[in-house]
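Remember, predicted model here, so these are calculated numbers, not experimental data.
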Amino acid sequence: MDRVFQKFAERLTESSHPDEAQQSMADVTAALSLSWFAYLALPSRPGGVPNLISTYPSSWTALYLQRGYDSVDPVVRRAIRQPKPFRWGLGIEQQNQSDSERTLFEEAAKFGIRCGFTFPIHDGRGATAALSLATDEHRTVFDRSLLEHAHSLRLIAWFFHAHAKRFWTIDRMVGGLSPREYECLEWSARGKSAGEIGIILGIAERTAGFHLDNARAKLGVSSLRQAIVLLTESKSRK
């Protein structure tokens, strides 16, 4: 398990795109015979769109997000209510499920997602995300692996969350730049000085420098080079 976690941590730390993060977690689930995983980062505001990194069938995740199932998903609702990991799926807690919840589980089962185990992720502001491990049927190997590695998997869930959330944090920060700030930063990333940017955009060198300083401040970094790195990382995920 130590070698599995070490490889996972190294790959995740070096990842600069959600697809790379997905592969790092997929390697863990494969090594531990845990079939599929789904990391769902809940929206910070009502009506917002959740962020998802998953190895679930893409046809199911597309349908899930399109229909806004996160708002009625009993797994998500339970993850919001409690920080303790829990089991879920067809045949589990049937008497407490509403018709809509039972329908969702039955529909997920058509895509091979019949049961699973979820690690809620809560921080000081409440529930922020959940990492679920799922399989197409009740499997002894699946259950045994969960039981044997429960503590390590909980740490893995937190570690994954800590790194995955930076993808969307960077995008929000870069998205907060004004069009002119973004434009100046793009030219700076191409090696242009404030004076050259001023000539290209038809503004004063001092004005170009002002926009670059604003961009750096909004991105919360101390140097222009760091601001350019954030811009590059954001664009690489588009």
Side-chain angles (χ1 to χ4, degrees), residues 1-44 49-58 61-62 65 79 85 116-125 127-134 145-146 148-177 182 185-186 188-191 215-238:
M1 183 62 196
D2 289 343
R3 292 182 62 185
V4 171
F5 181 79
Q6 182 179 357
K7 183 179 178 181
F8 160 74
E10 290 175 351
R11 187 162 190 173
L12 182 59
T13 301
E14 295 172 356
S15 66
S16 60
H17 189 280
D19 289 348
E20 295 173 350
Q22 178 198 58
Q23 189 58 53
S24 69
M25 192 66 202
D27 289 344
V28 171
T29 57
L32 301 181
S33 302
L34 291 172
S35 302
W36 299 308
F37 87 90
Y39 165 81
L40 186 72
L42 304 177
S44 57
V49 179
N51 290 304
L52 178 68
I53 299 177
S54 159
T55 54
Y56 282 6
S58 58
T61 56
L65 293 175
F117 197 84
T118 292
F119 294 88
I121 299 170
H122 291 233
D123 61 18
R125 297 167 296 175
T128 58
L131 180 74
S132 296
L133 302 166
S145 187
L146 282 173
E148 182 179 351
H149 303 296
H151 179 68
S152 296
L153 287 169
R154 193 167 192 175
L155 294 177
I156 285 173
W158 272 98
F159 193 78
F160 189 86
H161 171 67
H163 283 270
K165 67 180 182 180
R166 65 190 164 94
F167 299 132
W168 301 293
T169 300
I170 290 174
D171 288 343
R172 285 198 300 270
M173 286 167 27
V174 172
L177 301 181
Y182 190 95
L185 191 57
E186 273 200 315
S188 182
R190 298 178 191 179
R216 179 185 52 74
K218 286 184 178 180
L219 294 174
V221 294
S222 59
S223 71
L224 189 56
R225 176 171 294 184
Q226 290 173 317
I228 291 171
V229 168
L230 292 181
L231 175 67
T232 303
E233 288 183 358
S234 177
K235 292 173 70 175
S236 70
R237 295 193 293 273
K238 302 300 184 184

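Partners of Glu186 under the salt bridge (Lys or Arg N to Asp or Glu O under 4.0 Å) rule, at least two apart in sequence or in another chain, are Lys235. Applying the side chain to side chain contact (heavy atoms under 4.5 Å, CB included) test to Ala150 and every residue at least two apart in sequence or in another chain returns nothing. Here Gln6 pairs with Glu10 under the side chain to side chain donor-acceptor pair (under 3.5 Å) rule; sequence neighbours left out. For Leu65, the side chain to side chain contact (heavy atoms under 4.5 Å, CB included) partners two or more places apart in sequence, or in a different chain, are Pro50, Leu52. Partners of Ser15 according to the side chain to side chain donor-acceptor pair (under 3.5 Å) rule, which considers only residues two or more places apart in sequence or in another chain, are Arg166. Applying the side chain to side chain donor-acceptor pair (under 3.5 Å) rule to Ser35 yields the partners Thr135; only residues at least two apart in sequence or on another chain are considered. Residues forming a side chain to side chain donor-acceptor pair (under 3.5 Å) with Ser24 (at least two apart in sequence, or on another chain): none. Remark: Lys218 engages Glu181 in a salt bridge (Lys or Arg N to Asp or Glu O under 4.0 Å) (not counting sequence neighbours). Residues satisfying the side chain to side chain contact (heavy atoms under 4.5 Å, CB included) test with Gln23, not counting sequence neighbours, are Arg11, Ala26, Asp27. Taking Ala217 as the reference, nothing meets the side chain to side chain contact (heavy atoms under 4.5 Å, CB included) condition, with sequence neighbours excluded.
Screening Leu230, Leu177, Val174 for a side-chain contact (heavy atoms from CB on, under 4.5 Å) with Leu185, the sole residue that qualifies is Leu177.
Using a 30° and 60° split on the angle between ring planes, Phe159 and His163 fall in the tilted class, from 30° to 60°. The aromatic rings of Phe160 and Tyr39 stand perpendicular to each other, their planes meeting at an angle above 60°, with 30° marking the opposite boundary.
Heavy atoms from other residues, nucleotides or ligands lying under 6.0 Å from CZ of Arg3 number 12 at most. Within 6.0 Å of CG in Asp2 there are 12 or fewer heavy atoms belonging to other residues, nucleotides or ligands.
Expressed to the nearest 0.5 Å, how far NE2 of His151 lies from CD1 of Ile156 amounts to 10.5 Å. Considering CG of Leu231 and OH of Tyr182, their distance stands at 5.0 Å, rounded to 0.5 Å. In this structure, Phe37 CZ and Thr118 OG1 are separated by 13.0 Å, a value rounded to the nearest 0.5 Å. Atoms CG and CZ, from Leu155 and Phe5 in turn, are 6.5 Å apart once rounded to the nearest 0.5 Å. Here the CH2 atom belonging to Trp36 is positioned 15.5 Å from the CE atom belonging to Met25, to the nearest 0.5 angstrom.
Looking at heavy atoms from C-beta onward, Trp158 lies out of side-chain contact with Leu131 at the 4.5 angstrom threshold. By the 4.5 Å heavy-atom criterion applied to side chains, Leu133 and Leu32 are not counted as neighbours.
Using a distance-only test at 3.5 Å, with no hydrogens or angles considered, a donor-acceptor pair links the side chain of Thr128 to the main chain of Ile121.
Smallest separation of non-hydrogen atoms from Ala129 and Ala41: CB-CA, 4.0 Å. In this structure, His122 and Ala79 approach most closely via the heavy-atom pair NE2-O, 2.7 Å.
Note on residues 150-164: no pairs pass salt bridge (Lys or Arg N to Asp or Glu O under 4.0 Å), not counting sequence neighbours.
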Would you list the atom pairs, donor with acceptor, under 3.5 Å between side chains in residues 220-229 and any protein atom, with sequence neighbours excluded?
unit_1, atom_1, unit_2, atom_2, d
Ser222, OG, Gln226, OE1, 3.0
Ser223, OG, Gln226, N, 3.2
Ser223, OG, Gln226, OE1, 3.3
Gln226, OE1, Ser222, N, 3.0
Gln226, OE1, Ser223, N, 3.1

